[in-house]
Amino acid sequence: MPDSSSWEIVSAPIPTVADGEFLVQLQEFSMDPAMRGWMNASPAAAAAVELGQAMRATGAGTVIDSRHPTIHVGSQVVGMFNAQAYAVSDGTGVTVVDPELGSSSMYLGLLGLSGLTAYFGLIAHANPRAGDTVVVSAAAGAVGSIVGQLATLSGCRTIGIAGGSDKCARIVAELGYDIGLDYKHPDFLTELSASCPEGIDLYFDNVGGEVLNAALGNIALHGHAVLCGGISQYNATSRPPGPSNNM
């Protein structure tokens, strides 16, 4: 999370708008793992965020001044505005949202990139069927918390993997997972196998590493593995090994 060791808060004049632009007052922005990638960008990724530049971030706010033909004062918008209190935009990459569907924070989560990732990763790519056993890693996270709910709505049996007993209890009580498994528990591998006696029909992976290997070791015939993230490897100082249970 932002603190004084890595972030500097800078005051500057509020920008003015030109023809075709509008000014947004940001209420919230999203803290995402992608920020690390943006600070170490490769040629194939978005341009690097240099030291001293405003951090790239998806934000939600209200238009308070406009010289734009279709985006008017009072509009609620979401877009890549950077981590700042005020931003000027010409509308590129900006979406006007309906506040009756949810708060601005909803458009940074459930109705935003995390929700889209969960929906298309699970529904469009994995095509879950009623009765499937679906296992989700990082089940308490931004994407995993939504995947589990979508799987439950699809009639699936859902097993969430999270770190710590508190998270495991919460995903069952609040998110509707049938079972919560703590990957830090010494009996995790045994508990995973016992929870999936007929195998895993669909594994939605957000972490990679040993948890991915454990899931592959329990995959059912004709099972699917959706590879969405690899957060267990993001701090690796050398290239991590690939999945070793694929056979």
Side-chain angles (χ1 to χ4, degrees), residues 1-121 124 138 140-147 149-150 206 228-231 234-235:
M1 295 300 290
D3 59 39
S4 58
S5 69
S6 55
W7 292 68
E8 181 182 11
I9 298 176
V10 177
S11 296
I14 296 175
T16 57
V17 298
D19 287 341
E21 296 180 336
F22 54 89
L23 176 66
V24 182
Q25 183 175 11
L26 280 304
Q27 279 86 41
E28 297 174 290
F29 68 90
S30 180
M31 291 292 299
D32 297 302
M35 288 177 169
R36 181 174 300 179
W38 294 332
M39 289 186 285
N40 299 280
S42 67
V49 177
E50 302 291 346
L51 289 173
Q53 289 184 336
M55 186 63 224
R56 186 177 299 135
T58 305
T62 304
V63 176
I64 60 173
D65 189 11
S66 179
R67 296 172 66 181
H68 192 278
T70 61
I71 299 179
H72 308 296
V73 171
S75 297
Q76 301 291 305
V77 293
V78 172
M80 195 67 72
F81 293 115
N82 298 336
Q84 53 195 24
Y86 297 89
V88 166
S89 172
D90 63 2
T92 302
V94 174
T95 301
V96 177
V97 300
D98 183 352
E100 292 188 3
L101 296 180
S103 64
S104 57
S105 63
M106 289 275 279
Y107 285 98
L108 299 179
L110 179 63
L111 300 179
L113 187 58
S114 296
L116 291 171
T117 301
Y119 178 83
F120 286 104
V143 173
S145 61
I146 301 171
V147 171
Q149 295 176 77
L150 291 173
N206 291 301
C228 178
I231 199 167
Y234 292 168
N235 285 327

M39 versus M55: any side-chain heavy-atom pair under 4.5 Å?
yes
Considering all heavy atoms of both residues, which atom of C228 and which atom of T117 are nearest to each other, and what is their separation?
SG-CG2, 3.6 Å
So, for A57 and S30, which heavy atoms are closest and what is the spacing to 0.1 Å?
CB-O, 4.0 Å
Evaluate side-chain contact (heavy atoms from CB on, under 4.5 Å) for F29 paired with T58, printing each intermediate quantity in order.
CA-CA 6 Å; F29 68 90; T58 305; over 6 Å; no
Tell me whether S145 contacts the main-chain N or O of G141 through its side chain, where contact means a donor paired with an acceptor under 3.5 Å.
yes
Going through the checks in order, is the side-chain contact (heavy atoms from CB on, under 4.5 Å) test met by L23 and Y86?
CA-CA 7 Å; L23 176 66; Y86 297 89; 4.1 Å; yes
What pair of heavy atoms forms the shortest contact from G20 to P69, and how long is it?
CA-CD, 4.5 Å
Test side-chain contact (heavy atoms from CB on, under 4.5 Å) on F81 and V94; report intermediate values, then the result.
CA-CA 9 Å; F81 293 115; V94 174; 3.7 Å; yes
From Q76 atom CD to D98 atom CG, the distance as rounded to the nearest 0.5 Å
10.0 Å
Please report the shortest heavy-atom distance between V63 and S66, naming the atom on each side.
CG1-CB, 4.0 Å
Kindly indicate, with the supporting measurements, whether the criterion side-chain contact (heavy atoms from CB on, under 4.5 Å) is fulfilled by I71 and V96.
CA-CA 8 Å; I71 299 179; V96 177; 4.1 Å; yes
Between E8 and S4 (side chain of the first, backbone of the second, donor and acceptor by atom type, cut-off under 3.5 Å), is there such a pair?
no
H68 and G91 have their tightest heavy-atom pair at NE2-CA, 4.4 Å
Would you say the side chain of I231 lies within less than 4.5 Å of the side chain of N206, judging by non-hydrogen atoms?
no
Output the distance between atom OG (S114) and atom CG (L108), rounded to the nearest 0.5 Å.
9.0 Å
Between R56 and M35, what is the shortest heavy-atom contact and its length?
O-CE, 3.5 Å
Do any N or O atoms from the side chain of R67 and from the backbone of E21 form a donor-acceptor pair under 3.5 angstrom?
no
Output the distance between atom OH (Y119) and atom CG (L111), rounded to the nearest 0.5 Å.
13.5 Å
Test item: N82 side-chain N/O and Q84 main-chain N/O as donor-acceptor pair under 3.5 Å:
no
State whether a side-chain donor-acceptor pair under 3.5 Å links T62 with Q25.
no
Heavy-atom side-chain proximity of V73 to I64 below 4.5 angstrom:
no
Is it the case that over 12 heavy atoms from other parts of the model lie below 6.0 angstrom from the CG atom of L101?
yes
Can you tell which of T95, V77, V78 makes a side-chain contact (heavy atoms from CB on, under 4.5 Å) with Y107?
V78
